[in-house]
Engineer: 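There's a structure below that I have some questions on.
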Amino acid sequence: MTIAITSLIKSFDRTAVLRGIDLTVEAGELVALLGPSGSGKTTLLKIIAGLEWPDAGGLSVDGRDWLALTAQERRIGFVFQHYALFPHMKVRDNIAFGLTVGPRAARPPKPEIAARVDDLLALLQITHLADRFPSQLSGGQRQRVALGRALAIRPAVLLLDEPFGALDAAIRRDLRRWLREVHEATGSTTIFVTHDQEEAFELADRVVVMGEGRIEQIGTADQIHDHPASPFVARFMGAVAELPVALHAGRVDAAGLDASRLERRAMADGPARLFLRPDAIALEPDAASPWILHQMASNGAVIRAVLRDGTGLELPADLPRHSAPKLVKGAAYRLQPLSGAVFASGLGPAPSEAAPSSILQEKHA
Amino acid sequence: MQTVSHSGPVASRLMPRLLIGLAVALTLLIVVAPLFYIFARAFAEGWRVYADNLLHPVTRHAIWLTTITALIVVPVNIAFGIAAAWAVARFRFPGRSLLVTAIEIPFSISPIIAGICYLLLYGRQGLLGPWLMEHELQVMFALPGIILVTMFVTAPFVAREVLPLMQAQGSEQEQAAVTLGASGWQMFRRVTLPNIQWALLYGAVLCTARAVGEFGGVSVVSGNIRGQTNTLPLHVELLFNDLNATGAFAAASVLTLLALLALVVKSILEHRRG
């Protein structure tokens with residue numbers, strides 16, 4: 001099923017939640033909607049499900065207008081963040097629910113329902129839980145039941161809202177691998193919402209980065225990591241260090257900055273901002289640099305150093321402890337970014353206002 | 001509450017005992033003694049007189065009238081309570097907070113005022129009186145009036161029990177049911193109703209107890225016509241004014257038994273809801 005979303009707009013009261021979304025999801029694709037809370041990703045998911053309605057825009061699936069269909073008619077599988085299992089039904093009955101409702105003529109006969117539920121229980125590895133109630137299950141088990149219930153109706157599209165949000169880290173990793181396997185086994189077009197980059201990149205074929213009701217970037221993990229399309233994406237990807245720089249003939253320049261490992265890019269001369277991830281900065285002792293090592297702390301593998309330039313700017317750098325040069329508190333260091341993104345200045349702090357200009361590429365030494 | 005067994009100054013050991021004793025004494029005096037007295041007086045002249053009093057046609061009619069009123073009022077208020085709670089819990093609409101307040105009005109208004117309002121609205125000299133007379137509809141001093149006032153007085157019970165539960169549970173289960181293809185009715189019957197069933201029953205029991213016992217509002221609109229518009233609580237007063245104390249207490253004992261029954265069902269339900 002190919003999902004085509006065009007110019008979708010939605011506000012709650014007077015707050016704009018979606019400000020024009022265009023997105024195509026190919027049949028059988030696994031796509032992540034990634035963004036901080038308030039970026040509109042869950043609202044977009046609920047509109048695709050038919051649980052919310054847009055103010056304007058289009059939504060079609062395989063050429064059919066889905067905005068003319070109710071949620072019941074769309075045949076989607078929706079997995080809620082907190083599972084929303086039916087507490088008074090056993091696991092088996094929860095999974096069978098979608099097969100026992102709707103017009104009588106459309107319901108499969110009882111033996112077929114039982115067989116399909118058994119298949120799903122086996123696929124989800126929860127056969128032993130079939131006769132328990134949801135209150136007797138752990139979070140991870142509930143998640144599997146919720147997915148089973150959604151898959152039982154053989155959905156055209158599978159939608160998951162923060163599927164692992166309420167689980168602890170070890171179970172998350174486990175379930176992530178397992179969801180990928182289930183996706184490959186069922187082949188259904190799948191969209192899931194998350195605020196966790198690692199989860200999005202590990203699981204999805206393509207990641208849609210959302211911020212404040214807009215799509216900031218669509219791409220694979222590598223594309224988004226190496227070429228953030230906007231300051232918003234750069235920040236969201238962990239480039240928390242921002243430096244004001246000057247552009248001269250495609251090179252960035254600033255006091256105490258060694259940009260030799262950054263590529264040139266076609267941008268007009270003038271002021272710009274350089275976005276750096278703390279783990280992509282190397283330090284070289286340089287008495288002429290304004291950057292003074294202010295603080296450092298080690299977690300065993302990584303030294304987190306904080307430098308100040310005397311004008312109020314602060315810059316964190318994460319250095320591998322075993323290969324880093326010997327650092328001295330109070331000494332001056334030259335910054336050597338290994339990679340970074342440059343955006344023209346004059347862009348306010350609001351990420352959604354930003355237009356991408358050019359991107360620096362990582363140059364591998 | 002502190003246990004009384006700990007060692008300490010005499011005063012601190014005495015205080016809890018004193019408070020417990022006071023609570024027990026007051027409960028006996030204010031609640032238990034009158035209840036006991038009702039039955040003592042009802043049976044004062046023996047089983048035979050008690051039975052005769054209850055089987056008296058006018059008393060039987062009063063019991064029947066109260067029963068029919070409750071049988072109509074309670075289902076209507078269950079339907080109204082669910083509808084109101086659902087509307088408030090699931091939707092945002094203009095006037096929503098006004099509806100929440102309106103549901104509570106019968107709790108804060110004296111029932112007798114409700115009765116007078118209905119009289120002014122539906123009575124012969126009332127706003128709708130001429131129209132009703134034209135169509136030969138008797139609302140006041142008849143069963144419709146009694147039912148209307150009882151409905152008003154007991155309107156909040158079901159809604160007040162169901163609403164907080166619906167708000168706490170949110171709508172995700174219902175949304176899940178819809179995405180799985182359930183129709184509105186299937187969603188209500190198979191997901192919403194099982195979730196609220198104990199609160200609903202609890203509200204219905206409270207509603208029934210109140211509907212059976214309502215006096216003030218009904219006394220205004222019923223006209224107290226013996227054997228016609230006399231509900232059981234009104235009948236108790238009537239017998240008492242007739243100086244038929246034994247009869248009054250016999251009728252009162254029926255109401256008391258109903259109330260005690262409601263209390264038992266209520267505590268069982270409270271236990272189930274845990």
Side-chain angles (χ1 to χ4, degrees), chain A residues 12-13 42 45-46 48-52 69-89 93-108 133-135 142 145-162 166, chain B residues 78 82 85-100 158 161-204 268-274:
Chain A
F12 287 119
D13 293 326
T42 295
L45 198 73
K46 290 201 162 175
I48 298 171
L51 297 172
E52 293 281 359
L69 299 181
T70 63
Q72 286 101 331
E73 293 163 335
R74 291 185 193 186
R75 208 161 64 82
I76 45 121
F78 198 102
V79 177
F80 290 83
Q81 184 176 2
H82 300 290
Y83 323 125
L85 296 177
F86 306 130
H88 55 282
M89 293 181 202
D93 300 322
N94 261 286
I95 293 176
F97 185 88
L99 303 173
T100 62
V101 292
R104 199 170 290 276
R107 296 178 211 163
F133 285 96
S135 58
R142 285 177 202 192
V145 176
L147 189 61
R149 186 177 66 179
L151 289 173
I153 58 169
R154 302 213 171 115
V157 176
L158 183 61
L159 306 169
L160 304 102
D161 185 11
E162 296 273 4
Chain B
I78 287 176
I82 292 173
W86 189 322
V88 170
R90 296 286 179 265
F91 303 100
R92 299 282 169 277
F93 52 90
R96 179 173 164 274
S97 54
L98 206 70
L99 180 62
V100 177
V158 173
E161 289 303 321
V162 173
L163 178 57
L165 196 67
M166 277 191 164
Q167 279 174 326
Q169 280 171 344
S171 54
E172 284 206 338
Q173 285 180 36
E174 290 169 1
Q175 290 184 338
V178 168
T179 62
L180 290 166
S183 67
W185 172 246
Q186 284 168 335
M187 176 195 80
F188 176 75
R189 191 173 54 79
R190 299 196 40 196
V191 176
T192 312
L193 200 57
N195 274 328
I196 60 165
Q197 59 184 350
W198 297 117
L200 189 64
L201 255 163
Y202 184 80
I268 292 171
L269 288 175
E270 266 168 359
H271 188 71
R272 285 298 301 255
R273 288 168 78 192

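Everything quoted here is computed from the prediction, not taken from an experiment. Each chain gets a letter, A, B and so on, in the order the sequences are listed, and its residues count up from 1.
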Engineer: Would you mind telling me which of A/A146, A/G98, A/G77 has the largest number of heavy-atom pairs within less than 4.5 Å of chain B?
Structural biologist: A/G98
Engineer: Just verifying a value: how many Å separate B/E161 CD and B/W198 CH2, rounded to the nearest 0.5 Å?
Structural biologist: 14.5 Å
Engineer: Could you tell me which portion of A/R149 (side chain, backbone, both or neither) has an atom closer than 4.5 angstrom to a non-hydrogen atom of chain B?
Structural biologist: both
Engineer: Measure distances from B/R92 to the heavy atoms of chain A and classify the residue's part below 4.5 Å as side chain, backbone, both or neither.
Structural biologist: neither
Engineer: Using heavy-atom distances under 4.5 Å, tell me whether A/T100 contacts chain B through its side chain, its backbone, both, or neither.
Structural biologist: both
Engineer: Using the side-chain contact (heavy atoms from CB on, under 4.5 Å) definition, which of the options A/L160, A/D161, A/L51 pairs with A/L45?
Structural biologist: A/D161
Engineer: Using heavy-atom distances under 4.5 Å, tell me whether B/T179 contacts chain A through its side chain, its backbone, both, or neither.
Structural biologist: both
Engineer: Heavy-atom cut-off 4.5 Å, strictly under: side chain, backbone, both or neither for A/L85 against chain B?
Structural biologist: backbone
Engineer: Would you compute the distance between atom OG1 of A/T42 and atom CD of A/E52 and round it to the nearest 0.5 angstrom?
Structural biologist: 10.5 Å
Engineer: Hey, can you tell me if A/F97 and A/F86 have their rings parallel, tilted or perpendicular (30° and 60° cut-offs)?
Structural biologist: tilted
Engineer: What is the distance from atom CG of B/L163 to atom CD1 of B/I82, rounded to the nearest 0.5 Å?
Structural biologist: 12.5 Å
Engineer: With a 4.5 angstrom heavy-atom cut-off, could you sort out which part of A/I153 is near chain B: side chain, backbone, both or neither?
Structural biologist: side chain
Engineer: Going by side-chain contact (heavy atoms from CB on, under 4.5 Å), B/L200 matches just one of B/N195, B/L193, B/L269. Which one?
Structural biologist: B/L193
